[in-house]
There are 2 protein chains.
Amino acid sequence: MRQDKDTRLEVIKMIITSQEVGRQDDLLNELAKAGFPSTQATLSRDLRQLRIVKGHNERGEQVYLLPEQKRYQRISDTHMTVQQINRLGAVSVKFSLNLAIVQTPPGHAAHVAYDIDNAHIPEILGTIAGDDTILIVLDETAERPNVLNRLAEVVPETRKE
Amino acid sequence: MRQDKDTRLEVIKMIITSQEVGRQDDLLNELAKAGFPSTQATLSRDLRQLRIVKGHNERGEQVYLLPEQKRYQRISDTHMTVQQINRLGAVSVKFSLNLAIVQTPPGHAAHVAYDIDNAHIPEILGTIAGDDTILIVLDETAERPNVLNRLAEVVPETRKE
DNA sequence: ATATTTCTGCGATATTTATGCAAAATTTGT
DNA sequence: ACAAATTTTGCATAAATATCGCAGAAATAT
């Protein structure tokens with residue numbers, strides 16, 4: 001079920017960034033529509049794991065928000081999916097010793113790095129993002145195929161070196 | 001009472017930026033201590049008016065946050081000590097070859113890096129800070145225990161891997 | 001395969017938060 | 001200053017959310 005769970009978490013993020021949802025029951029309905037029926041208890045756990053925040057929109061109505069969203073700015077303006085970014089230009093990964101370099105279209109490094117961080121890949125010690133380049137520091141024992149596989153979940157259509 | 005209300009709203013903001021509060025009842029207690037007794041109903045309205053958000057800290061515990069706060073970054077006009085930052089979430093150090101990666105709570109990498117720089121640890125050639133990650137480049141001959149000892153003065157409660 | 005860990009559902013609550021309504025306080029207009 | 005209008009508040013209660021114990025399913029590790 002791991003894969004299903006990860007997908008469900010992604011769907012949750014998509015839903016709350018594409019529309020205003022203010023109650024878990026509403027979110028449950030949307031999830032069911034999207035083919036991920038679940039229960040309120042599980043959703044509550046998911047929201048905590050995603051560090052999703054409950055705030056208010058300009059009208060004072062309650063809305064769920066991703067933590068990196070400031071105020072009521074919708075993520076659709078700023079947070080593109082990697083698929084969307086990929087349309088703008090390739091995202092590539094290259095290795096050197098215990099480092100990996102990810103190239104993104106200009107301006108998108110921070111966002112991709114955020115997704116990589118959130119994938120919690122154990123072999124990745126940390127990332128630092130510039131404008132269109134991300135430096136990834138790997139564990140000394142990291143095996144590149146593994147890292148590449150895990151990265152592929154976050155950064156699809158990656159062009160290996 | 002309008003004046004009192006405005007003051008109370010300010011006090012609410014002060015409280016939630018100076019400590020982690022996860023429940024309205026707790027916030028009520030703090031308000032009372034500060035000389036602004038109120039009720040849960042009023043507080044709920046105040047929070048909506050302030051557009052205060054309820055999210056989760058690193059440990060998944062619930063916390064109230066100002067909307068303009070990124071993630072769990074706390075407002076601080078003064079430079080927070082690492083001890084203070086540590087309360088917001090662990091600061092950890094990991095090594096890989098000639099590099100060390102320090103993870104901090106979101107938004108605090110620059111502060112911690114500044115402290116590290118100022119410790120003038122000879123084996124540290126330099127640091128680069130992102131939002132929540134610091135890359136440290138070590139001298140080729142650096143010995144990790146030494147570096148860790150020196151770092152511990154700056155970054156207490158460090159968790160080696 | 002077997003053991004171990006993680007995840008989920010299912011109630012079943014306990015806890016927390018929001019709100020309708022009426023009263024009290026405050027402001028405004030005259 | 002008085003009355004009307006507006007805002008604020010408390011109370012009671014509704015609504016929403018978090019959590020618990022537990023059993024079984026699924027994934028991971030040995």
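Quick caveat, the model's predicted, so the values are computed rather than measured. The sequence lines fix the lettering, A, B, ..., with proteins before strands; numbering per chain opens at 1.
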The side chain of [X] is closest to which nucleotide in this list: [options]?
X	options	answer
A/Thr42	D/dT9, D/dA18, C/dT8	C/dT8
B/Lys5	D/dA18, D/dA16, D/dT9	D/dT9
A/Asp46	C/dT16, C/dT8, D/dT9	C/dT8

So what does [X] hit on the nucleic acid, given a heavy-atom distance under 4.0 Å: a base, only sugar-phosphate, or nothing?
X	answer
A/Gln40	base
B/Arg45	base
A/Thr39	sugar-phosphate
B/Pro37	nothing
A/Gly60	nothing

Problem - CD1 (B/Ile128) with more than 12 external heavy atoms under 6.0 Å - result: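 No, CD1 of B/Ile128 has 12 or fewer neighbouring heavy atoms, counting only those of other groups under 6.0 Å.
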Problem - C/dC7 phosphate, OP1 or OP2, under 4.0 Å from A/Arg8 side-chain N/O - result: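 For C/dC7, OP1/OP2 do not have a side-chain N/O of A/Arg8 under 4.0 Å.
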Practice task
Considering just the side-chain nitrogens and oxygens of B/Ser44, establish if one lies under 4.0 Å of OP1 or OP2 belonging to C/dT16.
Solution key: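 Looking at the OP1 and OP2 atoms of C/dT16, neither is under 4.0 Å from any side-chain N or O of B/Ser44.
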Protein-nucleotide distance ([X], atom [atom1]; [N], atom [atom2]), rounded to Å:
X	N	atom1	atom2	answer
B/Arg48	D/dA15	CZ	P	16 Å
A/Lys54	C/dT16	NZ	P	14 Å
A/Tyr64	D/dA18	OH	C1'	10 Å
B/Gln24	D/dA16	CD	C1'	12 Å
A/Asp25	D/dT17	CG	P	7 Å

Practice task
May I ask you to decide whether A/Glu20 forms a salt bridge with A/Lys54, counting only side-chain N to carboxylate O separations under 4.0 Å?
Solution key: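 So A/Glu20 does not pair with A/Lys54 through a salt bridge.
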Handout entry: Given DNA chain C, 5'-ward residue of the pair A/Ala41 and A/Gln49, judged by closest heavy atom
Key =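 Here A/Gln49 is the residue nearer the 5' end.
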Exercise for the section: Check for a donor-acceptor pair, side chain of A/Arg51 on one end and backbone N or O of B/Gly55 on the other, with a separation under 3.5 Å. Expected result: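 No, A/Arg51 side chain to B/Gly55 backbone: no donor-acceptor pair under 3.5 Å.
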Problem - Pair B/Ser96-A/Asn98, side-chain donor/acceptor within less than 3.5 Å - result: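 Distance-only check passes for B/Ser96 and A/Asn98.
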Handout entry: With B/Asp46, the side chain to side chain donor-acceptor pair (under 3.5 Å) member among B/Arg8, B/Lys5, B/Lys13, B/Gln24
Key =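 Running side chain to side chain donor-acceptor pair (under 3.5 Å) over B/Arg8, B/Lys5, B/Lys13, B/Gln24 with B/Asp46 returns exactly one hit, B/Arg8.
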